[in-house]
Amino acid sequence: MSASHLPPTPRISPATAAAFGPEFVWGVATSAFQIEGANATDGRGPSIWDTFCRQPGVIADGSDGSIACDHYHRLEQDLDLIASLGVDAYRFSVAWPRVQPLGQGAWNPAGLAFYDRLVDGLLARGIQPYLTLNHWDLPEALQTEGGWVNRATVGHFVDYARGIARHFGDRVGSITTHNEPWVIAMLGHETGVFAPGVRHRASAIQVAHHLLLSHGLALQALRADGCRALLGIVLNLAPIHPASAKAADQQVARIEDGRLLRWFMDPLFRACYPEDVVAWLGSDAPQIEPGDLAAIATPLDFLGVNYYSRSVVSADGPVDAGTLGHALTEMGWEVYPEGLTELLQRLHQDYPVPPLYVTENGGAFQDQHIGERVADPERCDYIARHIEAVALAIRRGVPMAGYMVWSLLDNFEWASGYQKRFGIVHVDYSTQQRTCKDSALWYRDFLRSQRPGRAA
Ligand code: IFM
């Protein structure tokens with residue numbers, strides 16, 4: 001294949017380039033289960049995703065996380081790769097079962113040592129570690145006791161958070177409690193398409209409550225311990241648009257917005273759940289104990305927003321993204337950067353938000369292999385347009401603190417297995433060779449233009 005058919009690489013407008021101050025944090029993101037592999041190595045315990053992957057038919061290509069990108073064994077090389085991009089921060093997650101195999105009790109020194117090497121290796125390269133405590137890989141031992149449905153897991157998470165913060169808190173820039181609690185609750189416990197594969201709405205809503213509660217209590221515990229890292233949570237959010245002006249479509253959009261966004265933002269910032277969603281849930285509403293909501297509303301140092309697309313809904317159900325007139329990613333998600341500006345402005349207007357980070361943004365696209373080169377013009381375009389969308393939000397007054405591309409590497413895309421590639425770095429899974437795609441080189445060059453004088 002030749003390069004002549006490719007569109008030119010995107011150019012960032014001068015207004016956009018000027019919108020980001022010197023403190024703005026540029027980064028790339030990954031999560032433990034999606035890249036580490038080595039899931040039975042050096043004392044790591046099993047996670048719910050190891051168990052889930054063994055169920056026939058749940059992962060599109062029948063794969064699992066046992067090797068993934070073999071990041072556990074290729075750490076130094078991957079750290080050099082991250083440094084070569086010139087990013088300010090690297091967002092990663094700690095695999096709870098690697099450091100505390102049973103989810104409570106004994107810690108695993110070899111697991112902690114791996115993250116010591118990761119954190120120290122980042123710092124040595126001038127990159128801020130942004131640590132996430134829970135990116136979905138709950139220790140299987142806790143699942144056998146009910147997992148996130150069981151209120152006891154809240155206490156285990158707080159203990160885990162405390163142990164990690166005591167060990168790493170003075171070396172990392174930020175600690176995120178949970179990544180995308182909506183996904184853990186709803187995809188893990190309502191539709192069951194993600195681990196642990198439960199299909200029971202009341203359980204899902206209770207899980208969401210326990211995740212939020214554990215988040216708030218962890219923040220309180222870490223602050224009481226004097227943790228110096230910035231503390232926050234990461235939500236997957238999107239504008240939910242009604243398909244038409246019809247009252248029925250508007251009503252569905254309002255409830256869907258309540259289930260995705262207000263169900264998390266209202267308790268975090270107003271210490272209450274949205275009344276319309278509570279009424280809609282009826283007997284599936286969560287069991288809440290006195291003091292829970294006040295704990296959940298413990299002030300945040302930052303809020304992370306993962307943005308990929310919007311949803312358009314009607315009274316007949318979700319509208320097929322393919323009918324909306326915009327390009328789609330390989331996941332079938334509409335490319336809709338306007339939604340990111342809209343979302344960030346709405347968060348700023350409706351809630352007393354702390355500094356906001358876009359903690360994930362990116363897309364799965366088909367790569368084009370041209371000799372040694374891996375061209376991904378659609379991903380370049382996607383990232384550039386979303387950076388423009390963030391700049392517009394900043395110009396409209398939204399307190400933006402950072403932006404992170406999802407993802408550094410092609411990786412295990414959960415129920416899609418390895419078929420969907422989100423990386424700005426291509427991974428050849430047969431050799432584990434990493435190759436920067438055009439998007440990685442574009443991002444590196446963009447960051448250089450943002451940071452004249454800084455060596456990448
Ligand atoms: O790969 C995931 C990530 O783990 C969480 N946010 C969405 C990404 C793309 O689906």
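Numbering of ligands and ligand atoms starts at 1, following listing order. Small disclaimer: the values here were computed from a predicted structure and weren't measured.
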Q) Taking side chain as C-beta onward, heavy atoms only, is F20 less than 4.5 Å from I387? A) yes

Q: Take W263 and W182, measure what ring pair (Phe, Tyr, Trp, His ring centres under 6.0 Å) needs, and give me the verdict at the end.
A: CA-CA 9 Å; W263 192 260; W182 179 91; over 10 Å; no

Q: Could you check Q104, H215, H178 and say which one makes a side chain to side chain contact (heavy atoms under 4.5 Å, CB included) with F157?
A: H178

Q: Name the closest protein heavy atom to atom 9 (C) of ligand 1, giving the residue it belongs to and the distance to 0.1 Å.
A: E413 OE2, 3.4 Å

Q.
Heavy-atom pairs closer than 4.0 Å: do any link ligand 1 to the side chain of M331, the backbone, both, or neither?
A. neither

(Q) Among Y307, W406, Y403, exactly one meets side-chain hydrogen bond (donor to acceptor under 3.5 Å, both in side chains) together with N361. Which residue is that? (A) Y403

Q.
Using the rule given for side-chain hydrogen bond (donor to acceptor under 3.5 Å, both in side chains), can you reason through N179 versus N236, listing the C-alpha separation, both sets of side-chain angles and the distance that settles it, and then say yes or no?
A. CA-CA 8 Å; N179 180 73; N236 55 302; over 6 Å; no

Q. In terms of residue, atom name and distance, what is the protein heavy atom nearest to atom 8 (C) of ligand 1?
A. Y308 OH, 3.4 Å

Q | Which residue and heavy atom of the protein sit nearest atom 5 (C) of ligand 1, plus the separation | A | E360 OE1, 3.2 Å

Q.
Please list, in number order, the atoms of ligand 1 under 4.0 Å from a heavy atom of H135.
A. 3 (C), 4 (O), 5 (C)

Q | ligand 1 to W414 polar contact by distance, N or O atoms, under 3.5 Å | A | yes

Q.
With respect to Q34, determine whether any N or O atom, backbone or side chain, lies less than 3.5 Å from an N or O atom of ligand 1.
A. yes

Q) Taking distance alone, with no angle check, do N411 and ligand 1 share an N/O pair under 3.5 Å? A) no

Q.
As a test of understanding, state which of W96, F412, W414 forms a ring pair (Phe, Tyr, Trp, His ring centres under 6.0 Å) with W136.
A. W414

Q. Is it the side chain (CB and beyond), the backbone, both or neither of W333 that lies under 4.0 Å from ligand 1, heavy atoms counted?
A. side chain

Q. Does NZ or CZ of R385 lie under 6.0 Å from the centre of the six-membered ring of Y336, at an angle within 45° of the ring axis?
A. no

Q.
I need the atoms of ligand 1 closer than 4.0 Å to a non-hydrogen atom of E180, numbered in the order shown.
A. 5 (C), 6 (N), 7 (C)

(Q) Other residues, nucleotides and ligands only: do more than 12 of their heavy atoms fall within 6.0 Å of CD1 on I67? (A) no

Q: Find all atoms of ligand 1 within a distance of less than 4.0 Å from any non-hydrogen atom belonging to F422, and give their numbers and elements.
A: 9 (C), 10 (O)

